[in-house]
Amino acid sequence: MAGVPHLSARDGRMKMAPRVRFAPSPTGALHVGGARTALFNWLFARHHGGAFILRIEDTDRSRSTEESIEEIKAALRWLGLDWDEYYRETERFPLYQEAAERLLAEGKAYESEGAWWFRVPRPGETVVRDLLLGDVAYDHELIKDFVIRRSDGSFTYNFACAVDDADLRITHVIRANEHLNNTPRQILVYQALGLEPPKFAHLPMVLSRERAKLSKRHGATSVFEYRDLGFLPEALLNFLVRLGWSHGDQEIFSKEEMIALFDLKDVNVSAAVFDEEKLLWLNQHYLKVGDPERLGELLRGFLVKRGIVPPEEADSIPLAKLAKAIELFRERSKTLLELAEKAAFIFGPPERLEYDPKGVGSFLTPEKGPLLEGLASELAGLDEHEFKAPRLEEATRAYLARTGHQLKEIAQPCRVALTGKTEGPGLFETMEALGKEATIVRLRRGLELIHQGQEA
RNA sequence: GUCCCCAUCGUCUAGAGGUCUAGGACGCCGGCCCUUCAAGCCGGGGACAGGGGUUCGAAUCCCCUUGGGGACGCCA
């Protein structure tokens, strides 16, 4: 594979497929800023038919953990960012050793106090030709000699990173702006080793609401935290792609569109604040257009997580019922977690329900008693298979017409009796989701509540 | 403190010297719809940080100020 560039028929010049990498240090969870960097690299690779490489920068053994490596990989998989090649820096030790020895032998590095130091040539200047920022010049007087090999024999980031990028034939280093000041050092390493540096593109930072670097201190920051809060991967991806990149006025992008449209020239340079409100909106958007069965399967987990159904019962909930809940509540929920809470009354036992006292007080009043009673009897006459919204509405309206009442007179009392709440999906959809037994039981239970209220 | 990056509505952004009395989206406010809450639809408020240049003409180019962020580790 190496050294077999394909020739572009058009201009006859070498045109190699780009090779980019995402190189996280495994010292914790994958946070959303890292995910955005990974996404841009992945999109760049996929758009150009290049390779997306995952390289774990674990040269600092004391801070790196296997757990973190697995979590980062799992988070990338959850987002659907697949990698073509995978490396761990700790497994590439001989590469760095050889390169470092060469620099030592050539006098481009020296040993002091057990560590090997890179000798920055002075006077001098290194210019970073950034694809996004333009040229950024660094005076060597401001760059101190830096350690390339620690006294314990391990290698430092700036050195290993450059050696790796060169060895893996990385063509474009796309990373967050916080690394810009490291770039001249890495270019120096390339030059000392007689290698051609890759192209660089430093992405604008993703900042927290407080306009500071993302940190665990304020709210959720990791990809999995958002997953556990009930966010969908496609929503998070869509949100992240719009942080620093745009395509005119378009806000909604499928993964395929992102790949087709992504271009470095549409990436901007100013830092972006992670605005959870917009993420919430996008998440609801994907909740609304997603496949109910797929979302229903996800809902199962949140019902358990929320303590709404015991773990051992979760598997026996029919997928159809879960999918129904999705369809009923997705227009009124921003996250799956919120949806699980709203739909809780459907999954609990028919006779048990938590009632909103205010709702009971204002709607389960004595004069509604006969109506509720009558409706319960009316609906009890329906067959199980007739418990579908259209048929329920038909039956209810017929009953209402016969008794000279209007729907709005009993809608809220019914809703409170059935769900315990004053808000929720359409009445008849709610009855259908509940099923005949629960509907009748709860309507009659509403009656009891009215009587109790009278006594009190 | 030193160095580096950045600067359009609260937020994400469009804008690549005239088409800008600056467009879209989220959020916010109001209305419509309606069995509630949502969703949806319609409407509203809301920004080119400031000052100098350059130019016939600047949100767009240059400089300064201010503001924000980042980096200054034998962390990455």
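Computed over heavy atoms, backbone and side chain alike; hydrogens, waters and symmetry mates excluded. Chain A is the first sequence line, chain B the second, and so forth, proteins listed ahead of strands; every chain is numbered from 1.
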For this session: Respond yes when some side-chain nitrogen or oxygen of A/Ser246 is under 4.0 Å from OP1 or OP2 of B/C12, and no when none is.
Result: no
Measure from [atom1] on [X] to [atom2] on [N] and round the result to the nearest Å.
X: A/Leu264; N: B/A16; atom1: CG; atom2: P; value: 20 Å
X: A/His31; N: B/A76; atom1: NE2; atom2: P; value: 15 Å
X: A/Leu207; N: B/C5; atom1: CG; atom2: C1'; value: 12 Å
X: A/Phe253; N: B/C12; atom1: CZ; atom2: C1'; value: 12 Å
X: A/Phe159; N: B/A76; atom1: CZ; atom2: P; value: 13 Å
X: A/Phe274; N: B/G10; atom1: CZ; atom2: C1'; value: 17 Å
X: A/Leu203; N: B/C4; atom1: CG; atom2: P; value: 21 Å
X: A/Asn268; N: B/G69; atom1: CG; atom2: C1'; value: 14 Å

Using every non-hydrogen atom in the two residues, find where [X] and [Y] come nearest and quote the distance to one decimal.
X: A/Asp130; Y: A/Leu132; answer: OD1-N, 2.7 Å
X: A/Leu303; Y: A/Leu322; answer: CD1-CD2, 3.7 Å
X: A/Val163; Y: A/Ala99; answer: CG2-CB, 4.0 Å
X: A/Ala395; Y: A/Leu382; answer: CB-CD1, 4.1 Å

Can you tell me, in whole Å, how much space there is between the [atom1] of [N] and that of [M]?
N: B/C3; M: B/U21; atom1: P; result: 41 Å
N: B/G10; M: B/C20; atom1: P; result: 22 Å
N: B/C74; M: B/C12; atom1: P; result: 35 Å
N: B/C42; M: B/C33; atom1: C1'; result: 11 Å
N: B/G24; M: B/G15; atom1: C1'; result: 12 Å
N: B/C9; M: B/G23; atom1: P; result: 14 Å
N: B/G17; M: B/A22; atom1: C1'; result: 15 Å
N: B/A7; M: B/A47; atom1: C1'; result: 12 Å

Which nucleotide, in any strand shown, forms a Watson-Crick or G-U wobble pair with [N], with both distances under 3.5 Å?
N: B/C9; result: none
N: B/U36; result: none
N: B/G43; result: B/C29
N: B/G1; result: B/C72
N: B/A22; result: none

Problem set entry | Pair A/Asn238-A/Tyr286, side-chain donor/acceptor within less than 3.5 Å | yes
Sub-4.5 Å side-chain heavy-atom contact between [X] and [Y]:
X: A/Arg129; Y: A/Val136; value: no
X: A/Asp263; Y: A/Asp266; value: yes
X: A/Thr90; Y: A/Ile56; value: no

For this session: Please list all pairs passing the salt bridge (Lys or Arg N to Asp or Glu O under 4.0 Å) test where one or both residues lie in residues 410-439 of chain A, with sequence neighbours left out.
Result: A/Lys324-A/Glu432
Exercise. For RNA chain B, whose closest nucleotide is more 5', that of A/Lys144 or that of A/Asn182?
Worked result: A/Lys144
Seminar exercise, completed: Judged by nearest nucleotide, the residue sitting upstream toward the 5' end of RNA chain B, A/Arg36 or A/Asp152, is A/Arg36
Seminar exercise, completed: Only residue of A/Val32, A/Leu229, A/Leu236 satisfying side chain to side chain contact (heavy atoms under 4.5 Å, CB included) with A/Leu279 is A/Leu236
Shortest side-chain distance from [X], nucleotide among [options]:
X: A/Ser270; options: B/C5, B/C6, B/U13; result: B/C6
X: A/Arg242; options: B/A76, B/A71, B/C12; result: B/C12
X: A/Asn181; options: B/A76, B/C4, B/G24; result: B/C4
X: A/Arg211; options: B/G70, B/G68, B/C3; result: B/G68

Mind checking [X] for me? I need base, sugar-phosphate or nothing, with any heavy atom below 4.0 Å counting as a touch.
X: A/His179; answer: base
X: A/Glu409; answer: nothing
X: A/Lys421; answer: nothing

For this session: Scan nucleotides 25-39 of chain B nucleotide by nucleotide, 5' to 3', and note B when protein non-hydrogen atoms come under 4.0 Å of the base, S if they reach only the sugar-phosphate, - if neither.
Result: SSS-------BBBBS
Exercise. Looking only at N and O atoms, is any donor in the side chain of A/Thr156 or the base of B/C74 less than 3.5 Å from an acceptor on the other one?
Worked result: no
